[in-house]
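What you are looking at is a predicted structure, and each value in this text was computed from that prediction instead of being measured. Here is how names work: the chains are called A, B, and so on, in the same order as the sequence lines, proteins then strands, and each is numbered from 1.
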There are 2 protein chains.
Amino acid sequence: MKSELQVFQDYIRLRELRRTPERERILREIFEIHGHFDVDGLYLQLKQKGVKVSKASIYRALPLFIDCGLVREVEFSQGHWHYEHIYGHSHHNHLRCLSCGEIQEFENLFLHCLEEQLAKEYGYRIKSHHLQVEGLCPACRQREDEAGRS
Amino acid sequence: MKSELQVFQDYIRLRELRRTPERERILREIFEIHGHFDVDGLYLQLKQKGVKVSKASIYRALPLFIDCGLVREVEFSQGHWHYEHIYGHSHHNHLRCLSCGEIQEFENLFLHCLEEQLAKEYGYRIKSHHLQVEGLCPACRQREDEAGRS
DNA sequence: TTTTTATTGAGATTCATTCGCTATAGTACT
DNA sequence: AGTACTATAGCGAATGAATCTCAATAAAAA
């Protein structure tokens, strides 16, 4: 399997863009993050390490990473986008707690069947899906129950 | 079944807020819109009808409508949120064309099974789910194929 | 090297959303 | 009805994420 850097370089060549140390440094940093991130967090993390990259460059690099399938937008909350790297990950869906915001990832097995069904029924060529399920995690659920009783 | 206005008034009472003509007018307008809307469109639509409501009031009313289950955020795109009213609708999911943006709504049958399974597996109390499937609609698919051949 | 031009960084700009403030008007209680 | 209390409306200012401008730089190709 190609490394994410390799994937990006291939993409750069294909699109006739330019390899720059900034873009590759940003990409490396993203793949060191376990879980979700946002632009500001990524920027600060680079800054702390003494890496000089402007926010503008991050904003300009992200659409490229997304376009070549290395990163995806997870959700828009708190007024800005949250992202995650996805290369090498099996596609997963999110189970999010409405109270504490905890996110569980889960695999799904039968959405592929659904995709096929949709393709047939509506004539679509399916590219991707996002499934987000919301509810209360065990802890918050218990807390809510106790509050309800009092 | 309660009217959406009734639902909202019950909510207002429960939360000890105040009934105001602005909020109820905004809500009525929302339920006259078939399909998705955004704040700006809603504001202009009211303005055209000669209804004087400020954008700030719309921004302040929407979270209430969402909280009482009358409206939901559909997606964040073009730099702002898009909403839809959901009361009285069966929950539907979206099949969106990545090229032209057309949105097909579809029912799903077995996500309820998935919800039950998740509830059992992770101990969550499921409240809702959003499933968005993306791809190319028949027309755009054909256009893409033709472009690819040339 | 030289040329070409994509990319960078910094700051300015845009624009959706929120905030601060004052006047108004629901609501509850005489 | 009248009064007190305070949530809400409207307006304009403020905020802040994202984008744009532009001069300087540095990839890539010749």
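A salt bridge is defined here as a Lys NZ or Arg NE, NH1 or NH2 lying under 4.0 Å from an Asp or Glu carboxylate O, and A/Lys49 with A/Glu32 meets this definition.
Axis angle across the helix from C/dT1-D/dA30 to C/dT30-D/dA1, with five pairs used at each end and values rounded to 10°: 50°.
Computed from coordinates, the B/Glu24 CD to D/dA7 P distance equals 19 Å when rounded to whole Å. Between the P atom of C/dA10 and the OH atom of A/Tyr43 lies a distance of 7 Å, rounded to the nearest Å. The nearest whole Å value for the distance from the CG atom in B/Asp38 to the P atom in C/dA16 is 9 Å. Note: CZ (B/Arg13) to P (D/dA7) measures 18 Å, nearest angstrom. D/dA7 atom C1' lies 12 Å from atom CG of B/Leu64, rounded to whole Å. Per the geometry, CZ belonging to B/Arg25 stands 16 Å off C1' belonging to D/dA9, to the nearest Å. Rounded to whole Å, atom P of D/dA28 lies 10 Å from atom CZ of A/Arg23. One interatomic measurement links the two molecules: CD of A/Glu73 to P of D/dA17, which rounds to 16 Å at whole-angstrom precision.
For B/Glu115, the side chain to side chain contact (heavy atoms under 4.5 Å, CB included) partners at least two apart in sequence or on another chain are B/His112, B/Ile126, B/His129. Legend: residues meeting side chain to side chain contact (heavy atoms under 4.5 Å, CB included) with A/Ile66, ordered by chain and number and at least two apart, are A/Val71, A/Glu73, A/Tyr83. Take A/Cys97 and apply the side chain to side chain contact (heavy atoms under 4.5 Å, CB included) test, not counting sequence neighbours, and it matches A/Ser99, A/Cys100, A/Glu102, A/Leu136, A/Cys137, A/Cys140, B/Tyr124. The salt bridge (charged side-chain N to carboxylate O under 4.0 Å, His left out) check on B/Arg25 picks up B/Glu29, with sequence neighbours excluded.
One finds a side-chain N or O of B/Ser57 lying less than 4.0 angstrom from the OP1 or OP2 phosphate oxygen of D/dG10.
Sparse packing is recorded around CD of A/Glu16, with 12 or fewer heavy atoms of other residues, nucleotides or ligands lying under 6.0 Å away.
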Checklist outcome for this item: In B/S/- notation (B base, S sugar-phosphate only, - none; protein heavy atoms under 4.0 Å), nucleotides 17-30 of chain C written 5' to 3' is SBBB----BBS---
Item to check | B/Glu121 and A/Gln104: CA distance, side-chain angles, deciding distance, side chain to side chain contact (heavy atoms under 4.5 Å, CB included) verdict | outcome: CA-CA 11 Å; B/Glu121 199 165 335; A/Gln104 280 282 344; over 6 Å; no
Item to check | Check against side chain to side chain contact (heavy atoms under 4.5 Å, CB included), B/Leu70 and B/Ile30 | outcome: CA-CA 10 Å; B/Leu70 292 171; B/Ile30 288 174; over 6 Å; no
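Residues B/His85 and B/Phe65 are not in side-chain contact: their nearest non-hydrogen atoms beyond the backbone lie 4.5 Å or more apart.
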